[in-house]
Amino acid sequence: MTDPRRAWDTRSGVLARQLTALLLATWATVSAAGPRSGVVVTTGAHPALAYVERGVLEMRSDPDASKRDADEALRLLQQQPDADLEIRAHLILCDYQAERDTKAAEQQIEAGTALLPKARRVGLRAGLLDCRGQIYETAGNNAKARALYEQAVTVAAETHDDEMLAQSLFSRGYLLGLQGEYASGLTDLKRAQTLFDKLNKPQHSLTTLNSIAILYNRMGDYAQARYIYSRALKAQREEGMQREEAVTLHNLGRAYENLHEWDKAQQSFAESLALSRQLNYPRGEAYALRGIAAVSNALGDPKGALDTLARAESLQRQTPDARLRAQIQLARGIAFHKLDRLPDSSAALEDALEVFRQADAMGELNATYSELADVYAESGNWRAAYDRRTQAKETSDRLLNNQLDQRFATLKVEFDTAAKDKENAFLIHENEISQQALAQGLSVRHLQAAVIVLSATLMLLLATLAVHQRRSALRMRYLALTDELTGVPNRRSVLSRLEPLLRDPDAGSCGILIIDIDHFKKINDQCGHPTGDEVLKVVANTVCGAVAEPGFFGRLGGEEFLIVLPRLDLCGTRGEAERFRQAIMSIETSRWFADRRRITASIGCAVSMPGADTPSTMLKRADFALYAAKRSGRNCVETEPASPPDLPPNVGSLAAQA
C-alpha cells in the first residue's frame, strides 16, 4: 500500500507545467470510478479480503476507518486463518500507527514477520521492511530508513511482487528526493507510478504523482505548485478523499507561503486545520498550525506565532514525527529572533538543526543555517555566525549542483515529454481543442510507437544474428575437431591435447596406443565400403566407451585410432591395450559377416620419457610397435621400449599395410 503520509510537503515547490495534465488525467480516471469506489471481491473469497482491500483505500480518506477495517479483518482471520491476509492487515495497522505510536507500529511488524514462514506471497516481506523504514523516517533517521527501503526493493524485485515493489520504490523515491538526489528519486517514483497504473490502482498512482509534484516542489517552481494543488483539491473533494484533501490544503498553503501570498496561505492552512480536526488527525492539525504560525511571523506577529506553535507542539507530542518537531522549532526560532530573544532563538534553531542533519534534509538545513548565522551575528558571536554562514553556503551549493545534475535534467525532459502527451489528450477531452492539436498529439504517439517497434525489431534481429554467429562458430569448431564418419575426436583434436600433456614437467609418464583394425581392406573389398564404415563406427564407439578419464581417444585416420593414457608406465599401458583388444574382439559381427568372423586389432604401445618426448617421437615408437604386432601375426599387443632403434622411412605406412 502506498503511504499517504509522505504527501506532506515540508518545504514546498512544484511539478513542471507538463506534469499538470498527467496528474489531472489520473484524477479523471479516479473520478470516473465514482466516490469511494468499492473493492470488487470474487464470490467465495475470504470474508476478510473485502475489509483489507477497503482498509487500504480508506487510508486516503479516513485513517480511523481504515484502522477499524483492519481490526475487523484480523477478527475474522482468527476464525479462518490466512497468513497472507493477516500480514496485509498488519501492514495497514503499521501504516496507521507509524505516525502515531512507534511501539504499536513495531508490534504490527513483529506480528507480520512471525507469519512470514506460513505466507504464500513471499514478497510481503518487502512490505514489512518498508513499514519499518517508515518508522525510522518518521523518527528522522533517514540513513536507516533508506537502508530498509533498499532491502525492500531488492526483496520485492526478486520475488516479482509488483505491488510491494511499487510501494518500496515509492518510499525510496520520496526519501531520495528529500535528500536532494532528484534524479534517482524521480526514477523510483516514475517506476512506482507505472506499476500502480499496471495494477489498476488509480488512487495509489495519484498519491505517487503528488510525491513527484513534491519532488519538483523542491526545485522551487511555486506558481505551478499552486495551480496543481488547486486542481487536485477539486478531484479529491469529488472522491471524498478527506485525508488527502487535508494534506493537499497544507501543501497549497506552503506554495502560497513561498509566494508570499499570506492571506491565501492563511486560508489554506485554516481549512487544512479544520478538516484535520474533523478527522481527528493530530499530525495534520500540527502541520497546519505550524503553517499559520509561519504566516504570523511573516506578517509581524511573532507573539501570535509563539502561541500557535505552543498548540502545534502539544499536538506534535502525539506523533513520533521528528521532522514536524524540527519544523515547529524552526518557526519558533524565527519568532524568537523577531522578538530579539536571541539565546532562545539560537537554542530552538540548534534543536531543529540536529534533526535536519540526521535526516539530511538539505532544504531545511539551508534555511536553518541561514537563520542561525543571522542570530549569531546579531548576538556578536562572529565565529559561530561565520561557521553557520559557511555551512549555509555549502548546503546551498550542494542543492544547486543537484538541481543542475545532467542526469536529472535528462530525466526531467523525458518525463515532461510523456506528460505533455497526456496533457494534450486531457485538454482535448475537456476543452474541445482544435482537431489540428489532436492530430499532432496522435502523430507523436504513433511516431513513438513506430520507433519503439523498429527499435525492438532491430534488437531482435541483432540478437538473432549474434546467436546464429555463436552457433556457427561452435559448429565450425566442432567440425574442425571431430571425425566426420565416427563422431569421435579427430587427429588434430587428440594430438592438440597430447602436446601440452607431454610438456608438463609434473605430468609424469604417459602411455599411448595406436590401434589398427586387422584385414580392414578385405572387409571393404568383400562386404563393401558401407559395411566398412559401419565397422569403423562400431569399433570407435566400443573403444571410446572403454576409455576412462583422464585418458582420451581419437581417430588418426583410415582404420587407425589413438588412445592417450596419462600417468601410466609401460606395464600399465600394455595391460590397458589388452583390455581394448579384448573389447574389440567381443563386438557382435553377425549383422555383417555370415561366417561370424571376429573383428580383431593390432595394437602398438609406447610410453613417454618425461620432458623429452613430443607427439611426433611417441607416434614413431608406437607405430614401430604396431608394425611389430602386425609382423607377429596380428590380433596382439606389442610394446616399444623408451629408446627404440631408428625407424626406417615410411614405417608408419608399412605398419598400416601389414
[X]: what forms a side-chain hydrogen bond (donor to acceptor under 3.5 Å, both in side chains) with it, not counting sequence neighbours?
{"X": "Gln278", "result": "none"}
{"X": "Gln358", "result": "none"}
{"X": "Asp64", "result": "Tyr96"}

Worksheet item: Excluding sequence neighbours, so at least two apart, what forms ring-ring contact (aromatic ring centres under 6.0 Å, His included) with Phe269?
Response: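 Partners of Phe269 by the ring-ring contact (aromatic ring centres under 6.0 Å, His included) criterion, ordered by chain and then number, come out as His250.
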
Practice prompt. List for me each residue that meets ring-ring contact (aromatic ring centres under 6.0 Å, His included) alongside His160, sequence neighbours excluded, and say none if there are none.
Written response: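 Counting only residues at least two positions away or on another chain, His160 forms no ring-ring contact (aromatic ring centres under 6.0 Å, His included).
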
Item to complete: Take Leu176 and Arg146, measure what side-chain contact (heavy atoms from CB on, under 4.5 Å) needs, and give me the verdict at the end.
Response: CA-CA 8 Å; Leu176 289 171; Arg146 181 168 175 174; 3.3 Å; yes

Side-chain ([X]) to main-chain ([Y]) donor-acceptor, under 3.5 angstrom:
{"X": "Asn258", "Y": "Arg254", "result": "yes"}
{"X": "Asp161", "Y": "Arg121", "result": "no"}
{"X": "Ser205", "Y": "Lys201", "result": "no"}
{"X": "Ser314", "Y": "Ala310", "result": "no"}
{"X": "Ser66", "Y": "Val56", "result": "no"}
{"X": "Thr319", "Y": "Leu315", "result": "no"}

Practice prompt. Indicate whether any N or O donor in one side chain lies under 3.5 Å from an N or O acceptor in the other, for Glu137 and Tyr149.
Written response: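 Yes, a side-chain donor-acceptor pair sits under 3.5 Å.
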
Worksheet entry | Under 3.5 Å side-chain donor-acceptor pair for Glu150 and Thr154 |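 No, because no side-chain N or O of Glu150 sits under 3.5 Å from a partner of the opposite role on Thr154.
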
Worksheet item: Yes or no on side-chain contact (heavy atoms from CB on, under 4.5 Å) for Ile92 and Met59, after CA distance, side-chain angles and deciding distance?
Response: CA-CA 8 Å; Ile92 295 173; Met59 190 62 71; 4.1 Å; yes

Find out whether [X] and [Y] are in side-chain contact, i.e. whether some heavy atom of one side chain is under 4.5 Å from a heavy atom of the other.
{"X": "Leu165", "Y": "Val153", "answer": "yes"}
{"X": "Gln134", "Y": "Glu99", "answer": "no"}
{"X": "Gln316", "Y": "Tyr287", "answer": "no"}
{"X": "Thr368", "Y": "Gln329", "answer": "no"}
{"X": "Cys94", "Y": "His90", "answer": "no"}
{"X": "Leu91", "Y": "Leu128", "answer": "yes"}
{"X": "Leu124", "Y": "Met164", "answer": "yes"}

Fill in: Residue pairs passing the side-chain hydrogen bond (donor to acceptor under 3.5 Å, both in side chains) test where at least one lies in residues 302-311, sequence neighbours excluded
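Counting only pairs at least two positions apart or across chains, no side-chain hydrogen bond (donor to acceptor under 3.5 Å, both in side chains) contact touches residues 302-311.
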
Partners passing salt bridge (Lys or Arg N to Asp or Glu O under 4.0 Å) against [X] (at least two apart in sequence or in another chain):
{"X": "Arg325", "result": "Asp351"}
{"X": "Arg357", "result": "Glu354"}
{"X": "Asp71", "result": "Lys67"}
{"X": "Glu106", "result": "none"}

Worksheet entry | From Glu313, Glu350, Glu371, residue fulfilling salt bridge (Lys or Arg N to Asp or Glu O under 4.0 Å) relative to Arg332 |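 Among Glu313, Glu350, Glu371, the one that satisfies the salt bridge (Lys or Arg N to Asp or Glu O under 4.0 Å) with Arg332 is Glu313.
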
Worksheet item: Can you pull the salt bridge (charged side-chain N to carboxylate O under 4.0 Å, His left out) pairs that have at least one residue in residues 287-296, sequence neighbours excluded?
Response: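 Of all non-adjacent pairs touching residues 287-296, those that pass salt bridge (charged side-chain N to carboxylate O under 4.0 Å, His left out) are Glu257-Arg290.
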
Worksheet item: Mind checking what makes side-chain contact (heavy atoms from CB on, under 4.5 Å) contact with Leu77, not counting sequence neighbours?
Response: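 Only His46, Ala48, Leu74, Asp82, Leu85, Glu86 meet the side-chain contact (heavy atoms from CB on, under 4.5 Å) criterion with Leu77.
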
